Number of protein chains: 2
Amino acid sequence: MAGIKDVAKAAGVSVSTVSYVLSGKRSISNKTADRVLDAVNRLNYIPDASARKMRGHLSHVIAIAPGRREVRHSSLSAYFMQTALRAKAGGYDVLLLTGEDPVDDILRVAQSNLADGVVLLDVEENDLRAARAAEYGKPCVCIGFPKDHDDCACVDVDFACMGRLAADRLRDLGHERVVLLRSVEHLSEPMSGYLNLFRDSFIAAAEDRQMVVMESELTEYRNFDANAFVSKYLIPKNGATAIVNQADPSVLNTVLGVLSVSGMDVPQYVSVLSCGTLLDSYPMSKGISEMPITPAVQCSRAMSLLLGAIEEHHDIRGEVDLSVPTFIDRGSLSRAREAQKGGCG
Amino acid sequence: MAGIKDVAKAAGVSVSTVSYVLSGKRSISNKTADRVLDAVNRLNYIPDASARKMRGHLSHVIAIAPGRREVRHSSLSAYFMQTALRAKAGGYDVLLLTGEDPVDDILRVAQSNLADGVVLLDVEENDLRAARAAEYGKPCVCIGFPKDHDDCACVDVDFACMGRLAADRLRDLGHERVVLLRSVEHLSEPMSGYLNLFRDSFIAAAEDRQMVVMESELTEYRNFDANAFVSKYLIPKNGATAIVNQADPSVLNTVLGVLSVSGMDVPQYVSVLSCGTLLDSYPMSKGISEMPITPAVQCSRAMSLLLGAIEEHHDIRGEVDLSVPTFIDRGSLSRAREAQKGGCG
DNA sequence: TTGTATGCGTTATCAT
DNA sequence: ATGATAACGCATACAA
């Protein structure tokens, strides 16, 4: 591993000249610059990251902390990769923490200056990592919305808004009876914040609009019975005309299979709207319209905030950045079947 | 951020005493040790990672490099997390690279000494990252089995062996006609190495054993038609008595749905064996026996090799560590239906 | 048992 | 336009 001294020697100049050629922070004659760059290439010189940091006081590394690792989270790698991409675009690398002893890990990498900032994933309503953000001594941003966020910034989709938008959209299509399909993830306590944010807001908005909301039972994955679900909520005369899905794509897929076999076409017989999910990278048996989570958007905003805090010394503590939910039409929504028959409901 | 000087001042000792108290590399009187540790706690002192590294020449960071990010890979986060866990157990942190410009990224972090070693994920048969491992100047281990692995170590499940074991197991149960279910991932060129390793070995072994292997068409996810698959390969008189699945769990799930609806019970009518998949964290509609990929095992071995190379200066270039496939019985295998009727085939 | 001094590889501040 | 050198925070060889 050649160092700056070797380059200087090879180019016949001093170390400071080499440094300045590389940083461009003062004017250098073309002749010396060429000699230096030539030596750099010949020796394959790359500055040592630690030594560089000792002066600049920035490691150009941000830490990313997933939640407890036992939480099933199929979109986790999307958040990892998007964070890494955005970080790299800003000249940063990403350090991946494990999720066990989350606070300890964050404290260690933050206080040892291994990382310049922290991104928190899988943030729960009562999140210890967020609550203790003040101790990190480094800027911290949550992807999610913890109750106690005095010392960190929060970036998330506006799930309360999503609930209202979902209710509006279905009501506008004449749906008056809706069933909410939820899956096992909800069984773990404390429930993941955003799922409940959406649920509560959706139910409130739906009731405001005189809609009836049924909720599927919460079961273990393996015990989920799509036939029972369809029989109970969709077949009866007063069954739902629309499904709002919050469950795992696979659970939804199973339901779609039963609907298909039973001749209950989507969207003619029943409309389906999936909320807070990420279906586009997932092989669904049928296109399902969706108000998705948006890892790319959230990670991008999180990195903007974080880099602003690190490099411009912005104080981002307590900042909240909720983004308006997007809607992707994949053709699984239509007017409610009664409304279709009876006219403009 | 308190430094070692602050601690020394607060404890009324010299910096070297503080350093030695913390490292335990020479004996210290209890009295001073207590004073120092007290000061350390009071000031919340954590040594600076970069300064420490300047002496030790180890950053205690390993880089993990996923393949091209557009490759769908639902188990990616399992590899990330397992690597991070094993690394942390050895006192290392994990730096997550992005997958675009893979070689550039690796060169940068390796040559700048940001990372002490490299783990390659999503390794393809012709993998540029593995082929150029010599340039990294740091030990490198692949999870996967590239053709050119002169300059890195390889850790993987022995997929060739898995193919033989799968053929044996089915043949022992009297299955003579088997259909191989594969999914869209295979469409991208070059095909992911391990999928083909298994396929080729399975087909060869099956033919050795006088079995007939059919292969499902390769289609896009959204175009996969489970009904057509079942009609074509399972319903005919000379249809398959067993399915060997290499496809995405969701694709398999769809097939299981069709089988269930058609009254073709698993395993009474048709046996199912899933190979090279990771079903246990996945909500299948029915338990499926499996010879799975094993992220925890591979990551653990990869880290052992890597840390040995980093810390004991073992030369691991060219080493290949293939682990014997495991079998998980979830009750989806039984004797072939003809064999059941006709006796000991 | 403890303290002093040096060096790790850079960058920035002087000086030339 | 270029060179010499101090300083970053720590670990260790050496001195006491």
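Lettering follows sequence order; numbering is per chain, from 1. In what follows, every heavy atom counts, from backbone to side chain, and hydrogens, waters and symmetry copies are set aside. Given the structure is predicted, the values throughout are model-derived calculations rather than measurements.
- Comparing C:dT2, D:dC10, C:dT13 by their closest approach to the side chain of B:Tyr45 singles out D:dC10.
- Taking the charged nitrogens against the carboxylate oxygens, A:Asp101 and B:Lys88 do have a contact shorter than 4.0 Å, which makes a salt bridge.
- Side chain of B:Asp48, nearest nucleotide from D:dC10, D:dT12, C:dT10: D:dC10.
- Residue contacts shown for B:Lys25 are limited to sugar-phosphate atoms, with no base heavy atom under 4.0 Å away.
- Using a cutoff of 4.0 Å between basic side-chain nitrogens and carboxylate oxygens, B:Asp93 and A:Arg108 are scored as salt-bridged.
- Between B:Asp6 atom CG and D:dG9 atom P there is a gap of 9 Å when expressed in whole angstrom units.
- With rounding to whole Å, A:Asp34 atom CG is found 16 Å from D:dT2 atom C1'.
- Remark: C1' of C:dT10 and CD of B:Gln111 are 18 Å apart, rounded to the nearest angstrom.
- For B:Ser19 and D:dC10, the shortest distance from a side-chain N or O to OP1 or OP2 is not below 4.0 Å.
- Here the nucleotide nearest the side chain of B:Arg52, chosen from D:dA11, D:dG3, C:dG9, is D:dA11.
- Counting distance only, with no hydrogens placed and no angle test, the side-chain atoms of B:Arg55 and the base atoms of C:dG7 include a donor-acceptor pair under 3.5 Å.
- Each of B:Met54 and B:Arg26 was assigned the nucleotide of DNA chain D with the nearest heavy atom; the assignment lying further toward the 5' end belongs to B:Met54.
- Smallest separation of non-hydrogen atoms from A:Arg129 and A:Val123: NH2-CA, 3.6 Å.
- Salt bridge B:Lys53/A:Asp48: present, at least one basic N to carboxylate O contact under 4.0 Å.
- Using a 3.5 Å distance cut-off with no hydrogens or angles, the side chains of B:Ser59 and B:Asn113 do not pair a donor with an acceptor.
- Across all strands shown, B:Ser29 has heavy atoms under 4.0 Å from sugar-phosphate atoms exclusively, and none from any base.
- Taking atom CZ of residue A:Arg35 and atom C1' of nucleotide D:dG3, one finds them 13 Å apart after rounding to whole Å.
- At the heavy-atom level, A:Thr32 lies under 4.0 Å from the strands shown only through sugar-phosphate atoms.
- In terms of position along DNA chain C, the nucleotide closest to B:Ala33 lies nearer the 5' end than the nucleotide closest to the other residue of the pair A:Ser50 and B:Ala33.
- Listed nucleotides D:dA11, C:dC8, D:dT2 differ in distance to B:His57; the shortest reach to its side chain belongs to C:dC8.
- One interatomic measurement links the two molecules: CD1 of A:Ile46 to P of C:dG9, which rounds to 15 Å at whole-angstrom precision.
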**Message:** Let's go through B:Glu124 and B:Tyr194 carefully: what are the C-alpha distance in whole Å and the side-chain angles of both, what is the deciding distance for side-chain hydrogen bond (donor to acceptor under 3.5 Å, both in side chains) to 0.1 Å, and is it a yes or a no?
**Reply:** CA-CA 8 Å; B:Glu124 297 170 351; B:Tyr194 77 92; over 6 Å; no
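- Across C:dT4, D:dT5, C:dT2, the shortest atom-to-atom separation from the side chain of B:Ser16 is found for C:dT4.
- Rounded to whole angstrom, the span from the CD1 atom of B:Ile4 across to the P atom of C:dT2 amounts to 15 Å.
- Taking atom CG of A:Leu58 as the reference point, atom P of C:dT11 lies 14 Å away to the nearest angstrom.
- B:Ser14 has no side-chain polar atom (N or O) that falls below the 4.0 Å cut-off from OP1 or OP2 of C:dT4.
- We find that OH of B:Tyr20 is positioned 12 Å from P of C:dG3, with the value rounded to whole Å.
- Not one side-chain nitrogen or oxygen of A:Lys5 sits closer than 4.0 Å to the OP1 or OP2 atom of C:dG9.
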